[in-house]
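Below: one structure, written as structure tokens.
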Amino acid sequence: MANYDFKKIESKWQNKWEEEKLFGNYDEDKPKYYVLEMFPYPSGKIHMGHVRNYSIGDVIARYKKMCGYNVLHPMGWDAFGLPAENAAIQHNIHPNIWTQHNIEDMEKQLKTLGLSYDWDREISTCNKDYYKWTQWLFLQFYKNGLAYKKESGVNWCPSCETVLANEQVVNGQCERCDTEVGKKQLNQWYFKITDYADELLEDIKLLEGWPQKVKIMQENWIGKSFGAEIEFPIENTSKILNVFTTRPDTIFGATYMVLAPEHPYVSELVKGTEYEDCVNAFIKELEHVSDIDRTSTEAEKKGMFIGHYCINPLSSERIPIYIANYVLADYGTGAIMAVPAHDERDLEFAKKYNIEVKTVIRPEDDGNFTVVDEAYIDKGIMVNSGEFNGLKNEEAFEKICELLEKENKGKKTVNYRLRDWLLSRQRYWGTPIPIVYCDKCGMVPVKEEDLPVELPTDIKFESTKLANDETFLHTDCPSCGQTAKRETDTMDTFVDSSWYFLKFADPKNTEIPFDKDIVNKWLPVDQYIGGVEHAILHLLYSRFFTKVLRDLKLLDFDEPFKNLLTQGMVLKDGAKMSKSKGNTVSPEEIIQKYGADTARLFVLFAAPPERDLEWSDQGVEGCFRFLNRIYRLVDEALVNKSFENTTDTMSKDDNELNYMIHKTIKRVTEDLEERFNFNTAVSAIMELVNALYKYKEIDKKLINGLLFKEAIETVIILLSPFAPHITDELWYKIGNKNSVYLQEWPKYDKKAIVRDEIEIVVQINGKVRDKLIVSSDISKEEIEKEAMNSDRIKDLLKDRDVKKVIVVPKKLINIVAK
RNA sequence: GCCGAUGUGGCGGAAUUGGCAGACGCCCACGACUCAAAAUCGUGUGCUAUAAUGGCGUGUGGGUUCGAGUCCCACCAUCGGCACCA
């Protein structure tokens, strides 16, 4: 008897697959299927999250291949980013060398998992062959007005010494290092993602294969709201204050106006007035308050009158202008009309500063209603609103907008919560932004034929910033040829990862970023798999890029990812595995101890893919035992020559086994095809193995060799996407010459899963009292007769009246009795 | 505060259309094998009472139904997202 020597088996098959180039073969006659797992940052070590992510992807890729698809399953590296720079500073090693080492290490580790990648397509975002095209894409955005530079208050991480996108600020802290994020006025590069806000929102409808949860998160993030922009002239000036409101119907209740402290009018209006000093002091004070405190609902509302008045365009009332901390500069127009009676925040502020509260909407059933303690934000009837009195507020909404539009004092409009994507970073290890600043010509894009703008290699480790690199900094103007300076900011790494799934379709192309026809053929990605932490950032940016590239005629589809699977976290002791908590389990160790097949099987078996997975050493042992059990089963069958047994008849046990074979094929196929329930697919295979153990023990001489072999082949094929090494080993052992990966996925025999005899449950008042074994084609009447004839049922019904009998064919009979 | 998800044995989880709750795995107990142990194979394993038939049981309370983990109403708990967005 041989032992399950997983070390030998796994390295043997990994080598053989590579020698035979088993993966990355394409058959254009077959329908395409593109499986993609979110590519990793090359930290140097894979963790259990990776194992889970890539095991899921590999099962799908292998399964689809066996089902006859032309499968694209690539892998690459999201290789730019801060950790490389931190390593450079700490260990005096060049970020590029550090990164390349990590890639090599991680690639080795990934390969020990036996994943079916086409490594010929491997890409790395920090290679100049790749970032050249990231730069080229940036230039296309720039030329089409979708990349621009502006000065504004931005999120600044003092620890990373760089700006951050809104999406990268989590609870007021830097997503990367958890440092409190501050504010800074800076001139920065943006992508105009807001131009696509509406389409990004609308097309969420198209994403049928995405989890509802992710779609809702994106919807909320884009945050569309309907309202109006209304113009309030400022008294004694030529200025007009433009405000956005979702409640134009409450315009007669506006008792003060609020500007964001950063609003450009503020300094102009107070200049030289008695208010100037205290307004400036207030603005200074706010600069010291972090964004998180500033925008928290619990923060106390603060503000002040700035000495000017607006004129209400409909009522002509004078309305005092305030500035306040609770109005944001970069949403809407940065200014609001405040209606304390019908907005909680305005009411809180008005009470504090003794501003009038004017009720303009009342509930339908209360004619004498006045707002006192609580803002009234519900529907109702208009009051104190001139010609609009008595209307329902929804009607007034429309009529007021019409009037404003007619008189050129405002218009209906929509607003989005989504802001433009701040993409520049003050770091070295990223894609350089291909722009040059010339004293004469201004801002000039680098010529496409001069790309890539290469990262200098001779950097100083103590401060990895391009601005400090004199040779990089100085260049010639692409327009006039005179000396000029380069843009020294690099791009957010999310730019790199917003198009990598396209490059995988045409990775070797050096003439253009990718061939349009090839990309159109492979994309959209049929199944994308990754962590839910990317629900907003990466997935929204990638959708945005796809839409822009479509409009630039570089590709012909609207959405990059047809189906999305967001896998849960890997936990240990109830918490996410992390170095800082010290609750990690290293995949290398597990593979060393049990092998990759066991590791893969465990992460697939222990929980459904979308849920969090609690690590269990004993659970791993259980999976290892299962693989041993299969190995012994096959080995023993070969030693005993069980497959050579011949019988002419099918015994009852043979029929039962045949039923199990086909039922298992059906269950596993449906679990993989319809629901990605890997855990129940594995348990179905376990049940078949258990049935085989029972079957072979009944009577060794009566084993039906053909059927027994068919059952074992079924186990091997069904298990092969999960545990590819041991299954290939056994597949050869039982006499096959090709990898099981090249086998066709089995189909179940409909006849085999129909049983002659079935069990019918007999209930009295919904409680199970007996079970009947009956022929499967029995009629309703016969079931009832059989049930009533059972001794047990007769006994239980002795002193009772039968009121009603319900028969569910092939399932149960329920007798209602009193 | 708003939006969403989840809640089932000692544990991970299953129950696909309203039809046997607890598949499969772990843990545990017992038996076989063994001088012994491990491994392996087998049996049992929701709670509770019992000689046995039973009673209770899917977060809580109500409802619909012959029948509810599954549908409806109210609530509780945990987790996730958003959070002065006018």
Side-chain angles (χ1 to χ4, degrees), chain A residues 170-171 211-221 223-225 227 243-247 250 258 260 292 294-301 324-328 330-339 342-346 348-349 415-419 532-533 535-536 601-602 605-608 610-623 625-626 628-629 632 667 670-671 674-675 677 679-687 689-690 693-694 697 759-771 792 795-796 803-808 810-817:
Chain A
V170 179
N171 291 331
Q212 198 61 31
K213 180 184 171 180
V214 174
K215 291 196 274 188
I216 289 169
M217 279 165 76
Q218 290 213 352
E219 244 171 64
N220 292 341
W221 190 263
K224 186 178 191 173
S225 49
V243 304
F244 172 73
T245 176
T246 55
R247 296 296 302 273
T250 62
V258 188
I292 187 168
R294 165 91 183 269
T295 59
S296 151
T297 38
E298 278 116 64
E300 197 191 347
K301 290 178 180 41
N325 59 352
Y326 74 98
V327 171
L328 306 173
D330 56 355
Y331 181 76
T333 60
I336 63 160
M337 63 174 205
V339 186
H342 305 290
D343 183 284
E344 280 168 36
R345 296 154 300 177
D346 295 346
E348 188 191 329
F349 189 86
N415 238 300
Y416 297 93
R417 213 196 71 112
L418 183 72
R419 314 290 155 87
V532 73
E533 66 273 19
I536 297 168
L601 197 65
F602 173 73
F605 177 63
E610 305 210 303
R611 270 211 245 171
D612 288 348
L613 182 156
E614 177 69 36
W615 184 263
S616 155
D617 290 328
Q618 282 140 348
V620 178
E621 293 266 3
C623 290
R625 271 202 289 268
F626 171 62
N628 273 287
R629 218 165 129 80
R632 276 195 306 271
R667 282 177 64 189
E670 285 172 357
D671 278 346
E674 289 161 25
R675 319 187 292 167
N677 281 4
N679 54 331
T680 49
V682 173
S683 71
I685 301 171
M686 286 174 170
E687 283 179 72
V689 171
N690 291 346
Y693 264 78
K694 279 219 171 75
E697 287 309 318
E759 194 183 64
I760 298 278
V761 170
V762 185
Q763 297 182 333
I764 294 175
N765 295 337
K767 297 204 162 154
V768 182
R769 295 302 179 196
D770 201 4
K771 286 172 184 180
R792 232 170 100 56
D795 191 44
L796 285 162
K803 298 272 177 212
K804 198 171 170 186
V805 177
I806 286 127
V807 181
V808 183
K810 296 190 178 186
K811 277 205 177 114
L812 60 72
I813 170 168
N814 188 14
I815 302 162
V816 187

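Values in this document were obtained by computation on a predicted structure and should not be read as measured data. Protein chains get the first letters and strands the later ones, always in sequence-line order, with residue 1 at the start of each.
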Check the surroundings of atom NZ in A/Lys215: do more than 12 heavy atoms from other residues, nucleotides or ligands lie under 6.0 Å from it?
yes

If you only use heavy atoms from C-beta on, which nucleotide in B/A15, B/G12, B/C82 is closest to the side chain of A/Arg417?
B/C82

Anything under 3.5 Å between a protein N or O and an N or O of nucleotides 5-10 of chain B, put it in a table, one pair a line.
none

Expected rows: protein N/O vs nucleotides 50-52 of chain B N/O, under 3.5 Å:
none

What residues, two or more places apart in sequence or in another chain, satisfy side-chain contact (heavy atoms from CB on, under 4.5 Å) together with A/Glu614?
A/Leu571

A/Asp612: which residues meet the side chain to side chain donor-acceptor pair (under 3.5 Å) condition with it, sequence neighbours left out?
none

So, OP1 or OP2 of B/A86: does either fall under 4.0 Å of a side-chain N or O from A/Tyr331?
yes

How would you list, by chain and number, every residue that makes a side-chain contact (heavy atoms from CB on, under 4.5 Å) with A/Glu533, sequence neighbours excluded?
none

Reading 5' to 3' through nucleotides 16-21 of chain B, protein heavy-atom contacts under 4.0 Å coded B for base, S for sugar-phosphate only, - for none
S--BB-

A/Gln618: which residues meet the side-chain contact (heavy atoms from CB on, under 4.5 Å) condition with it, sequence neighbours left out?
A/Ser616

Both atom distances under 3.5 Å, Watson-Crick or G-U wobble: I'd like the secondary structure of RNA chain B as a dot-bracket string, with | for pairs made across strands.
(((((((..(((......[....))).(((((.......))))).(((.....)))..(((((..]....))))))))))))....

Between N or O atoms, less than 3.5 Å apart, protein on one side and nucleotides 24-31 of chain B on the other: list the pairs.
from: B/G25; atom 1: OP1; to: A/Asn690; atom 2: ND2; distance (Å): 3.2
from: B/C26; atom 1: OP1; to: A/Arg625; atom 2: NE; distance (Å): 3.1
from: B/C26; atom 1: OP1; to: A/Arg625; atom 2: NH2; distance (Å): 2.9
from: B/C27; atom 1: OP2; to: A/Arg625; atom 2: NH2; distance (Å): 3.3

Taking side chain to side chain donor-acceptor pair (under 3.5 Å) as the definition, give me every residue that meets it alongside A/Asp671, ordered by chain and number, with sequence neighbours left out.
A/Arg675, A/Thr680

Of A/Pro608 and A/Ile216, whose closest RNA chain B nucleotide lies nearer the 5' terminus?
A/Ile216

Who are the side chain to side chain donor-acceptor pair (under 3.5 Å) partners of A/Arg611, not counting sequence neighbours?
none

What residues, two or more places apart in sequence or in another chain, satisfy side-chain contact (heavy atoms from CB on, under 4.5 Å) together with A/Lys767?
A/Arg769

